[in-house]
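Below: the structure, in structure tokens.
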Amino acid sequence: MKRRIFRAIWVVAIVVFLASFLFILGIGYSYFKDVQFRHLRDQSKLVKEGVILGGQGYIDSLDPINYRITWIQRD
């Protein structure tokens with residue numbers, strides 16, 4: 001009888017742990033996804049303003065190791 005109760009407590013503890021882990025993981029994924037989208041949007045705006053003010057020379061002056069920017073012609 002004690003063994004059965006002990007196993008039941010362990011099963012419940014593991015289920016609660018896994019449920020909590022998945023819940024926290026889901027919230028963390030959603031948060032960091034939103035953060036990455038905001039960073040991408042902000043960086044895109046900065047590149048846009050740099051190109052408007054400095055032309056293609058602005059993109060050429062950036063370090064290609066840290067950035068990946070593709071110049072697309074209008075045509």
Side-chain angles (χ1 to χ4, degrees):
M1 185 66 165
K2 288 181 184 180
R3 183 176 287 187
R4 190 172 178 202
I5 293 171
F6 185 71
R7 272 193 245 170
I9 290 172
W10 268 106
V11 168
V12 169
I14 290 172
V15 168
V16 168
F17 173 76
L18 289 175
S20 300
F21 179 73
L22 291 175
F23 180 72
I24 291 170
L25 189 66
I27 289 174
Y29 175 79
S30 176
Y31 170 75
F32 286 112
K33 180 184 75 167
D34 292 342
V35 167
Q36 288 298 320
F37 278 124
R38 277 185 274 151
H39 283 271
L40 182 61
R41 185 186 65 232
D42 294 343
Q43 289 174 356
S44 298
K45 286 180 183 178
L46 289 172
V47 169
K48 175 185 158 191
E49 292 299 320
V51 169
I52 289 172
L53 296 174
Q56 189 172 355
Y58 173 76
I59 291 179
D60 294 337
S61 70
L62 294 176
D63 186 12
I65 294 172
N66 295 326
Y67 304 101
R68 181 175 183 265
I69 299 172
T70 304
W71 180 268
I72 300 173
Q73 299 286 338
R74 289 182 188 246
D75 57 346

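Here the structure is a predicted model, which means the values were calculated and not measured.
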**Request:** Look only at the side chain of S20 and the backbone of V16, and say whether a donor-acceptor pair between them is shorter than 3.5 Å.
**Result:** yes
**Request:** State which residues pass side chain to side chain contact (heavy atoms under 4.5 Å, CB included) with D42; sequence neighbours excluded, sorted by chain then number.
**Result:** none
**Side-chain cluster (under 4.5 Å, hydrophobic types only) that F17 belongs to, other residues** = F6, W10, I14, L18
**Message:** Who clusters with V15? Use side-chain heavy atoms, under 4.5 angstrom, across I, L, V, M, F, W and Y, and order the result by chain and number.
**Reply:** V11
**Prompt:** Looking at residues at least two apart in the chain, or sitting in another chain, which of them share a side chain to side chain contact (heavy atoms under 4.5 Å, CB included) with R41?
**Reply:** R38, K45
**Residues clustering with Y31 (ILVMFWY side chains joined when closer than 4.5 Å, directly or via others)** = F32, V35
**Prompt:** How is the hydrophobic cluster of I5 composed, in terms of its other members, when Ile, Leu, Val, Met, Phe, Trp and Tyr link through side-chain heavy atoms under 4.5 Å apart, directly or indirectly?
**Reply:** M1, I9
**Asked** Within the side chain of S61, is there an N or O that forms a donor-acceptor pair under 3.5 Å with the backbone of Y58?
**Response** yes
